[in-house]
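Beneath this line is the structure, given in structure tokens, with notes to follow.
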Amino acid sequence: MNHSSANSVIIFDFETTGLSPNQGDRAIEIGAVKLLNGVVVDTFQELMNPGFNVSSFIENYTGISNAMLYSAPSCAEVMNRFADFIGDDNLVAHNASFDKRFLEAEFALINRKYKGQFACSMLIARRLYQEAPNHKLGGLVEFKQIENDGTFHRALADSEMTAKLWLKMLEDMHDSYSIADPSFKLMQQISQKTKSGVKDFLDSL
DNA sequence: TGCCAGGCCCTCTTTAGGGCCTT
């Protein structure tokens, strides 16, 4: 048992210079939303300077320019603050394997370590919303008619939408399977079921 | 030398290939 609440979860999202920390890519922005019993109780958002220029593709994709990053604090400074923010709370991200790799890579550079658990909203959405046209974050926001301000590919905005998607999935679990308060562990278990087996699993609860 | 992500998941599958998803 860690010091955080059992009902506390942090939904987070990185913007980065590319797809792979193993290829030298770095984080340029981190955003996060802390949920306690389904309510937003805290947020985190900071740009960070990776120490080199990002490509024009990334500038266009995120709207984060090299000029914005030039005056931003270093990755080490921001990631230390983020490590303090998350503690050992459980984490959620959309396609979590991506954000997990960057979190571990950035933490390794500052000798910090995350000891909590990850859950992936994309893997769960693929099980729960098999009829959705796609399982991109933006596609699911549209499919589930989740309120948004039209901002995409910025860390806090994507974290907020992922948090709303997470809560929507909990709500649909309640409505469809009478699970009053699905635990983080249960959501992890859903993501580990096969697509065809998930309904039987939920019906058995 | 030249190449370069990685993991999940489906299928024309398991002695493999390719789409999806993240920036």
Side-chain angles (χ1 to χ4, degrees), chain A residues 10-33 44-69 72 75 78-79 82 86 91-109 114 117-144 146 148 150-166 168-169 187-201:
Chain A
I10 291 176
I11 294 91
F12 78 114
D13 180 64
F14 275 116
E15 304 306 314
T16 70
T17 66
L19 291 172
S20 176
N22 288 338
Q23 302 292 319
D25 287 317
R26 298 295 302 271
I28 58 173
E29 186 179 42
I30 181 76
V33 171
F44 188 102
Q45 187 273 320
E46 284 202 66
L47 291 169
M48 59 192 114
N49 188 336
F52 55 90
N53 281 343
V54 303
S55 67
S56 56
F57 172 81
I58 293 297
E59 285 189 308
N60 291 328
Y61 186 80
T62 63
I64 299 168
S65 68
N66 282 301
M68 291 161 69
L69 294 174
C75 292
V78 173
M79 292 308 300
F82 188 65
I86 61 175
L91 295 177
V92 171
H94 201 69
N95 197 10
S97 68
F98 174 86
D99 295 282
K100 181 174 187 280
R101 278 196 298 278
F102 275 96
L103 187 76
E104 289 173 346
E106 292 294 343
F107 274 13
L109 291 170
Y114 171 67
Q117 296 283 310
F118 291 89
C120 177
S121 57
M122 184 192 74
L123 293 180
I124 297 166
R126 279 179 177 172
R127 307 301 192 283
L128 294 184
Y129 306 137
Q130 297 185 25
E131 71 279 23
N134 65 68
H135 298 88
K136 298 174 188 176
L137 179 58
L140 288 164
V141 163
E142 184 175 1
F143 179 68
K144 297 306 294 184
I146 290 170
N148 69 91
T151 304
F152 289 93
H153 307 307
R154 286 300 300 267
L156 182 58
D158 283 6
S159 297
E160 288 170 335
M161 284 189 289
T162 303
K164 288 178 183 173
L165 172 63
W166 178 259
K168 186 69 182 168
M169 292 194 295
M187 298 300 271
Q188 276 186 318
Q189 286 175 331
I190 290 170
S191 72
Q192 290 159 3
K193 296 294 168 187
T194 63
K195 262 183 162 177
S196 55
V198 71
K199 189 174 185 309
D200 285 342
F201 172 73

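Atom set for the values below is all heavy atoms of this structure, side chains included, hydrogens, waters and symmetry mates excluded. Lettering of chains follows the sequences in order, A, B, ..., and the numbering in each one begins at 1.
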To the nearest 0.5 Å, what is the distance between [atom1] ([X]) and [atom2] ([Y])?
X	Y	atom1	atom2	result
A:Tyr129	A:Lys168	OH	NZ	6.5 Å
A:Ile11	A:Asp158	CD1	CG	13.0 Å
A:Leu91	A:Ile86	CG	CD1	5.0 Å

On DNA chain B, more 5' by nearest nucleotide between A:Leu137 and A:Lys195 is A:Lys195
Map A:Lys193 and A:Phe57 onto DNA chain B by nearest heavy atom, then report which one ends up closer to the 5' terminus.
-> A:Lys193
Those residues of residues 156-166 of chain A lying under 4.0 Å from DNA chain B by at least one heavy atom | A:Asp158
For nucleotides [N] and [M], find the distance between their [atom1] atoms and express it as a whole number of Å.
N	M	atom1	result
B:dG19	B:dC3	C1'	22 Å
B:dC10	B:dC4	C1'	26 Å
B:dC20	B:dC12	P	16 Å
B:dG2	B:dC21	P	36 Å

side-chain hydrogen bond (donor to acceptor under 3.5 Å, both in side chains) partners for A:Glu142, two or more places apart | none
Just call it for [X]: base, sugar-phosphate, or nothing, with non-hydrogen atoms closer than 4.0 Å on any strand.
X	answer
A:Asn134	sugar-phosphate
A:Asp25	nothing
A:Thr62	sugar-phosphate

Heavy-atom pair with the smallest gap, counting every atom of A:Leu128 and A:Glu131 = O-OE1, 4.2 Å
Sub-3.5 Å donor-acceptor pair from the side chain of A:Ser159 to the main-chain atoms of A:Gly31, do we have one?
-> yes
Side chains of A:Thr17 and A:Asp25: do they bring a donor and an acceptor to under 3.5 Å?
-> yes
Hey, can you tell me if A:Phe82 and A:Phe44 have their rings parallel, tilted or perpendicular (30° and 60° cut-offs)?
-> perpendicular
Examine B:dT23: is either OP1 or OP2 under 4.0 Å from a nitrogen or oxygen in the side chain of A:His153? Give yes or no.
-> yes
Does A:His135 place a side-chain N or O at less than 4.0 Å from the phosphate oxygens OP1/OP2 of B:dC21?
-> yes
Identify all pairs in which a protein N or O lies below 3.5 Å from an N or O of nucleotides 1-8 of chain B, and state each distance.
| residue | atom | partner | partner atom | Å |
| --- | --- | --- | --- | --- |
| B:dG6 | OP1 | A:Asn22 | ND2 | 2.7 |

